[in-house]
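One-based numbering along the sequence shown. Hydrogens, waters and symmetry mates are skipped; everything else that's a heavy atom, side chains included, is used.
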Amino acid sequence: MNLEELKRLCRLSGVSSREEEVRDYLRAQAEPYASEIRVDALGNLIVTKRGAKRAPGRLMLAAHMDEVGLMVDRIHEDGTLGFQFVGGINRQVVIGKPVWIGPNRVPAVVGMKPVHLTTRKEREKIPARDKLYLDIGCADANAARALVELGDVAVFSDDVQEFGAGLLKAKAIDDRVGCAVLLALLREELPMDVTFAFTVQEEVGTRGALGAAFSVRPEIALIVEGTTAADLPGLTGGQRVCSVGKGPVLPYMDGGTIYDRSLFLLLRRLAEENGIPWQTKEYLSGGTDARAIQRSRAGVRVAGMAAAVRYLHAPSSVASLSDCELIYKLARLFIGAVARGEIE
């Protein structure tokens, strides 16, 4: 997998419902290798790659293009902006953070009441969303309206940095790592026909995946994702969920899906036979596109793999570059196993 491409993907803006920038990049990269390519009514990018043969089980790999962000819903008389969260964001991680608003990338900072004007009781609590605002440096509402509109989305700053022991810091690692893996696989000669679905609006309810699954009609689907890691000092056991740097996370269950047991065991076997370290989640929560895909039409057998990501849905998420590479290797092995009919 091209790690520089992963960085490039993380820098792109793709708040849920505004995935165009990500989709345009992926489409341009995929077109030379695609047998068929299309964008559906919801905005999903569907790419089919012909392989060496047709094999048992129509196979789809899925990764979502969208990321969490903010949406402008008010313009105040003083020139500041009110906003809604798009996707699940912890309020305390956005205060004071830089964002870019709208297609013209208007710079802004997430602001709140100055600390010297707060009461002791207020300082003990995380401010409610309606107590936060976007500061774009305007003196009044008219000046602000000249720069932004209601419904414009804001994305976190696109700084990307390698640091520490092979770690990557960036926004939107969830799920640009999945997009990077699928794109790398698309460029290879495949042992069977595979459809790649780059989906929209996962962060607001796995909306795009349902439409993609209905049109592709897969029998088997592999969802490639980022998932919460809490491997921090003071946390033990299930509190840590999973750990950065310990290999792909293979879920058997989460808040939205019980994954196909045979596919889970196949991924585990492939990892162990090929020296790929793997882990599973020790605390079950959240959900992925798997829940929508699994329930489409007459049902789909689903499997998942994910990169462990610290500070998920925050302006600076952290993942291991080696984990990302191992996910790509395991996904490639999975396609080969499906092509050989190694599924019960």
Side-chain angles (χ1 to χ4, degrees), residues 9-23 43 64-161 169-176 200-205 207 228 309-318:
L9 283 163
C10 288
R11 292 188 181 100
L12 299 177
S13 298
V15 175
S16 301
S17 81
R18 309 295 170 81
E19 297 93 350
E20 296 89 347
E21 187 174 312
V22 182
R23 183 172 58 242
H64 68 88
M65 298 182 286
D66 61 314
E67 63 189 287
V68 299
L70 318 175
M71 182 175 286
V72 176
D73 69 345
R74 285 161 292 153
I75 299 178
H76 300 136
E77 289 304 313
D78 64 0
T80 60
L81 312 174
F83 63 86
Q84 297 281 342
F85 288 122
V86 180
I89 300 177
N90 186 340
R91 300 190 304 277
Q92 64 186 333
V93 305
V94 304
I95 298 169
K97 297 300 188 294
V99 299
W100 302 98
I101 304 176
N104 295 322
R105 291 176 60 81
V106 176
V109 175
V110 180
M112 61 173 285
K113 182 192 293 187
V115 65
H116 68 281
L117 298 180
T118 59
T119 65
R120 176 176 294 181
K121 188 174 182 179
E122 286 176 323
R123 290 193 291 273
E124 293 173 351
K125 298 180 179 180
I126 302 170
R129 177 194 47 76
D130 61 5
K131 301 301 182 184
L132 306 176
Y133 58 85
L134 291 171
D135 184 349
I136 57 173
C138 289
D140 56 41
N142 287 333
R145 291 191 187 99
L147 295 176
V148 301
E149 298 181 356
L150 297 181
D152 279 348
V153 295
V155 66
F156 295 130
S157 175
D158 53 8
D159 178 52
V160 177
Q161 184 178 9
K169 175 187 75 67
K171 70 169 183 64
I173 295 175
D174 171 27
D175 182 29
R176 304 296 159 70
V200 298
Q201 297 194 45
E202 189 270 356
E203 299 292 4
V204 290
R207 298 171 185 175
T228 301
V309 182
R310 291 183 197 140
Y311 324 124
L312 198 75
H313 293 182
S316 296
S317 297
V318 172

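- Heavy-atom neighbours of E149 CD from other residues, nucleotides or ligands within 6.0 Å: at or below the threshold of 12.
- With salt bridges taken as basic N to acidic carboxylate O contacts below 4.0 Å, none links R207 and D66.
- A distance-only check finds a donor-acceptor pair linking the side chain of E19 to the backbone of S17 [under 3.5 Å].
- Proximity of a side-chain donor or acceptor of R23 to a complementary backbone N or O of G43 within less than 3.5 Å is detected.
- Within the 4.5 Å cutoff, side-chain heavy atoms of F156 are placed close to those of I89.
- Using a 4.5 Å heavy-atom cutoff, the side chains of L81 and Y133 are not in contact.
- Between V309 and S317, the shortest heavy-atom distance links the atoms CG1-CB, 3.6 Å.
- In this structure a side-chain-to-backbone donor-acceptor pair under 3.5 Å is present from D175 to H64.
- Of all heavy-atom pairs between C10 and A170, the closest is CB-CB, 3.9 Å.
- For the pair L70/V110, a side-chain contact is recorded, criterion being any heavy-atom separation below 4.5 Å from C-beta on.
- Between I75 and A144, the shortest heavy-atom contact is CG2-CB, 3.9 Å.
- Using a 4.5 Å heavy-atom threshold, the side chains of H313 and D174 count as touching.
- Within the 4.5 Å cutoff, side-chain heavy atoms of P315 are placed close to those of V93.
- Using modelled atom types, one side-chain atom of R176 and one backbone atom of L9 make a donor-acceptor pair closer than 3.5 Å.
- Shown here are the side chain to side chain donor-acceptor pair (under 3.5 Å) partners of R91, two or more places apart in sequence or in another chain: there are none.
- Counting only heavy atoms from C-beta outward, the side chains of V155 and E21 never approach each other to under 4.5 Å.
- Here the side chains of L12 and E67 are not in contact, with every heavy-atom distance at 4.5 Å or above.
- A side-chain donor-acceptor contact under 3.5 Å links T80 and D78.
- Across all non-hydrogen atoms, the minimal contact from P103 to D152 is CD-OD1, 4.2 Å.
- Shown are R11, K169, K97; of these, the salt bridge (charged side-chain N to carboxylate O under 4.0 Å, His left out) with D159 is made only by K169.
- Remark: the backbone N or O of V160 is not paired with any side-chain donor or acceptor of K171 at under 3.5 angstrom.
- In this structure, M71 and V15 have side chains that are not in contact, with every pair of non-hydrogen atoms separated by 4.5 Å or more.
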